[in-house]
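Computed from a predicted model, the values in this text were never measured in an experiment.
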Amino acid sequence: MADRKRKRKQRPTAPAARPAASAPESGASPAAAPERSAEEAGGRDAMRRGYAKAEQKNIAAREALQPISTANRPGIVLVACAWLLVACASIVYSLITADGKGVAAQRGSNALVLVIIVMAIVGTWQLKAWAILGTQTILALACVFTILAAALMPDLLVALLLVASALVSGAIFYRMINVLARVQKAEHIRRGTLPVDVPPDVDGR
């Protein structure tokens, strides 16, 4: 019995099981990061190519513009000035017919607006870039306020007339964008900041 107990004590114990190798924390392969970097680089290259194409189109559009002067004034300039003159007539009518409480302040504000519009008309007729920009601002504001007035107008006929007026203002505004770009190009040519031959119809004013 004692011999059997000694033999049991002398038996070597089984080695402990080694822990299994831990699996990688993420299922992504080592090549995933370079692939993502390549995709991001490709996306940036595509954006740069898109910007470059857009800039080339802009340059081509600017080069295609024909400079203008008072010698070849576009017809839309006459239309814009005439439309602003109609606005001046309405302001003058409101100045004459204004009455009631606060009439002095009302007439003062209308007179200030009238002066601004007259300055815009004169400058636009002379093809000044700052005046054309001011005319576009007046047209944009007129379009917005006219639409708001039409939305609040209970009379359907008057509302339709206001909407038609807003559409006219918006159309003139859109056509004046090209005029402004052509006037700016003519000014750059006169200043010598644009290396383009001056056409014979661009005067020195």
Side-chain angles (χ1 to χ4, degrees), residues 51-96 98 106-151 159-205:
Y51 289 142
K53 289 181 180 178
E55 183 60 24
Q56 289 176 358
K57 290 181 180 179
N58 292 335
I59 293 173
R62 287 194 294 268
E63 291 178 351
L65 289 173
Q66 293 297 324
I68 58 176
S69 69
T70 54
N72 62 335
R73 187 183 292 110
I76 190 62
V77 175
L78 175 61
V79 174
C81 292
W83 189 246
L84 291 183
L85 283 175
V86 174
C88 288
S90 65
I91 294 174
V92 171
Y93 177 78
S94 65
L95 281 172
I96 297 173
Q106 181 180 355
R107 285 178 174 173
S109 61
N110 287 341
L112 179 61
V113 173
L114 181 62
V115 170
I116 293 174
I117 295 178
V118 169
M119 290 177 60
I121 292 173
V122 174
T124 299
W125 184 252
Q126 295 176 352
L127 295 180
K128 303 297 182 181
W130 60 267
I132 295 175
L133 187 60
T135 296
Q136 288 183 297
T137 303
I138 295 171
L139 291 171
L141 292 175
C143 185
V144 172
F145 287 116
T146 306
I147 289 293
L148 292 176
L160 291 177
L161 291 175
L162 290 174
V163 171
S165 174
L167 292 177
V168 173
S169 297
I172 297 174
F173 173 88
Y174 179 77
R175 293 286 303 276
M176 291 298 290
I177 294 175
N178 180 266
V179 175
L180 177 60
R182 295 171 66 186
V183 168
Q184 289 175 335
K185 185 172 184 178
E187 290 181 352
H188 284 298
I189 291 174
R190 289 195 295 268
R191 294 170 186 168
T193 58
L194 193 63
V196 179
D197 294 335
V198 181
D201 58 353
V202 177
D203 57 17
R205 286 178 288 175

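Across Gln66 and Arg182, no two heavy atoms sit closer than the pair O-NE, 2.7 Å. Pairing each heavy atom of Glu187 with each of Leu127, the nearest pair is OE2-O, 4.4 Å.
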Query raised in the report: Given the rule in the side chain to side chain contact (heavy atoms under 4.5 Å, CB included) test, do Val79 and Ile76 qualify, once you have shown the distances and angles that lead to the verdict?
Result: CA-CA 5 Å; Val79 174; Ile76 190 62; 4.1 Å; yes
Requested in this report: Kindly indicate, with the supporting measurements, whether the criterion side chain to side chain contact (heavy atoms under 4.5 Å, CB included) is fulfilled by Leu133 and Gln136.
Outcome: CA-CA 5 Å; Leu133 187 60; Gln136 288 183 297; 4.1 Å; yes
Extract all donor-acceptor atom pairs below 3.5 Å that involve side chains of residues 88-95 and protein atoms in other chains or at least two apart in sequence.
| residue | atom | partner | partner atom | Å |
| --- | --- | --- | --- | --- |
| Ser90 | OG | Ala87 | O | 2.6 |
| Ser94 | OG | Ile91 | O | 2.6 |
| Ser94 | OG | Asn110 | ND2 | 3.4 |

Sequence neighbours excluded and cut-off under 3.5 Å, please list the side-chain donor-acceptor pairs for residues 162-177, or say none.
| residue | atom | partner | partner atom | Å |
| --- | --- | --- | --- | --- |
| Ser169 | OG | Trp83 | NE1 | 3.0 |
| Ser169 | OG | Ser165 | O | 3.2 |

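Annotation: the span from Leu114 atom CG to Arg107 atom CZ amounts to 13.5 Å, rounded to 0.5 Å. With rounding to the nearest 0.5 angstrom, the CG atom of Leu78 is 9.5 Å from the CG atom of Leu85. Separating the OG1 atom in Thr146 from the CG atom in Leu161 is a distance of 11.5 Å, to the nearest 0.5 Å. Interatomic distance, SG of Cys81 versus CD1 of Ile117, reported as 12.0 Å (0.5 Å rounding). How far CG of Leu84 is from CE of Met119: 13.5 Å, rounded to the nearest 0.5 Å.
Under the side-chain contact (heavy atoms from CB on, under 4.5 Å) criterion, Leu141 pairs with Thr137, Phe145, not counting sequence neighbours.
Using a 4.5 Å heavy-atom threshold, the side chains of Ile138 and Thr135 count as separate.
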